[in-house]
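As structure tokens, the structure follows; a few thoughts come after it.
What you see is a predicted model; the values in this text were computed from it and never measured. Every number for a ligand or one of its atoms is a count from 1 in the order of the listing. Values reported hereafter were calculated over all heavy atoms of this structure, with side chains retained and with hydrogens, waters and symmetry mates removed.
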Amino acid sequence: MNTLFTLRSIRKFYRNNIVLDLDHLDIHQGRCYLLTGQNGAGKSTLLNILAFLSPPTSGDISFEGHGVDWKSRTLLACRQKVTLLHQSPYLFAGTVFANVAYGLNARKIPHGLQQQLVDEALDSVGLSGFQARPVLDLSGGEAQRVAMARALILKPLVLLLDEPFSSVDRKTAEMMENILASLPQGGTTVIMATHEPPREPLLFAESIHLVQGRLAGSPQVNCLTAA
Ligand SMILES: Nc1ncnc2c1ncn2[C@@H]1O[C@H](COP(=O)(O)OP(=O)(O)OP(=O)(O)O)[C@@H](O)[C@H]1O
């Protein structure tokens with residue numbers, strides 16, 4: 001079993017408030033994790049750290065076996081292996097195709113191959129035939145699916161999702177959960193944050209549950225909840 005992220009003594013403060021306090025957390029490659037916790041439990045804070053977007057106030061993280069130096073240029077290489085899909089994803093004005101192909105363009109993938117990959121990605125989220133649609137005409141749920149296609153097309157090593165199903169209907173959420181559950185076969189590690197249980201929790205073999213910024217089951221949490 002390959003350990004992808006190792007977190008030790010990770011603490012995050014906003015002003016004087018501690019919002020994340022993790023003694024020890026290992027995340028293994030090719031697994032599907034459900035990150036749960038009530039509003040304010042620290043889920044987005046943890047995802048932002050795992051996406052290398054926001055450093056912890058203190059503590060150590062290693063990624064693929066190497067210690068993460070938040071001030072080094074190597075951070076960019078780490079960021080490129082991780083995709084974070086937000087609850088309200090940003091799509092730029094333009095067509096669905098242009099948005100989904102954005103990362104392929106940046107990687108200079110030939111146009112013919114882009115067409116094929118975009119078709120496959122849109123197909124996988126149930127949006128075949130949407131290539132030429134302006135994103136401004138999309139419903140909230142369709143926009144979320146386009147953002148998912150844009151994330152999937154890059155085949156990231158790690159896919160982080162922050163409440164990805166907030167504006168999709170039940171059938172679409174089930175379809176997207178099934179897509180997520182299939183990604184580890186291709187080597188992608190999935191971590192999905194939600195404060196609601198998924199429709200099919202068994203698809204997510206691993207769980208990380210936060211209570212007031214701490215891992216449920218850790219001694220500190222037991223003290224807190226017992227108090
Ligand atoms: N930039 C910030 N400045 C100050 N406090 C912040 C900031 N970002 C988050 N917090 C606080 O950190 C705590 C954890 O927030 P976080 O967004 O990580 O929780 P969450 O579990 O994702 O919540 P939700 O389910 O509501 O999205 C909250 O108390 C929040 O108010």
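- R8 CZ to L22 CG: the interatomic distance, rounded to the nearest 0.5 Å, is 11.0 Å.
- No hydrogens or angles considered: a donor-acceptor pair under 3.5 Å links the side chains of S54 and K12.
- Every residue meeting the side-chain hydrogen bond (donor to acceptor under 3.5 Å, both in side chains) condition with E120, not counting sequence neighbours, appears here in chain and number order: Q116.
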Expected rows: ligand 1 N/O, protein N/O, dist below 3.5 Å:
{"unit_1": "ligand 1", "atom_1": "18 (O)", "unit_2": "S44", "atom_2": "N", "d": "3.4"}
{"unit_1": "ligand 1", "atom_1": "18 (O)", "unit_2": "T45", "atom_2": "N", "d": "2.9"}
{"unit_1": "ligand 1", "atom_1": "18 (O)", "unit_2": "T45", "atom_2": "OG1", "d": "2.6"}
{"unit_1": "ligand 1", "atom_1": "19 (O)", "unit_2": "G42", "atom_2": "N", "d": "3.3"}
{"unit_1": "ligand 1", "atom_1": "21 (O)", "unit_2": "A41", "atom_2": "N", "d": "3.1"}
{"unit_1": "ligand 1", "atom_1": "21 (O)", "unit_2": "G42", "atom_2": "N", "d": "3.0"}
{"unit_1": "ligand 1", "atom_1": "21 (O)", "unit_2": "K43", "atom_2": "N", "d": "2.9"}
{"unit_1": "ligand 1", "atom_1": "21 (O)", "unit_2": "K43", "atom_2": "NZ", "d": "2.8"}
{"unit_1": "ligand 1", "atom_1": "22 (O)", "unit_2": "S44", "atom_2": "N", "d": "2.9"}
{"unit_1": "ligand 1", "atom_1": "22 (O)", "unit_2": "S44", "atom_2": "OG", "d": "2.8"}
{"unit_1": "ligand 1", "atom_1": "23 (O)", "unit_2": "G40", "atom_2": "N", "d": "2.8"}
{"unit_1": "ligand 1", "atom_1": "25 (O)", "unit_2": "N39", "atom_2": "ND2", "d": "3.1"}
{"unit_1": "ligand 1", "atom_1": "25 (O)", "unit_2": "K43", "atom_2": "NZ", "d": "2.8"}
{"unit_1": "ligand 1", "atom_1": "26 (O)", "unit_2": "N39", "atom_2": "ND2", "d": "3.0"}

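- Under a 4.5 Å side-chain heavy-atom criterion applied to ILVMFWY residues, the cluster that includes L136 comprises that residue alone.
- Residues Y33 and H28 meet the side-chain proximity criterion, which asks for heavy atoms closer than 4.5 Å.
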Show me the side-chain donor-acceptor pairs of residues 39-52 shorter than 3.5 Å, one per line, residues at least two apart or across chains.
{"unit_1": "K43", "atom_1": "NZ", "unit_2": "G37", "atom_2": "O", "d": "2.8"}
{"unit_1": "K43", "atom_1": "NZ", "unit_2": "Q38", "atom_2": "O", "d": "3.0"}
{"unit_1": "S44", "atom_1": "OG", "unit_2": "D162", "atom_2": "OD2", "d": "2.7"}
{"unit_1": "N48", "atom_1": "ND2", "unit_2": "S44", "atom_2": "O", "d": "3.2"}

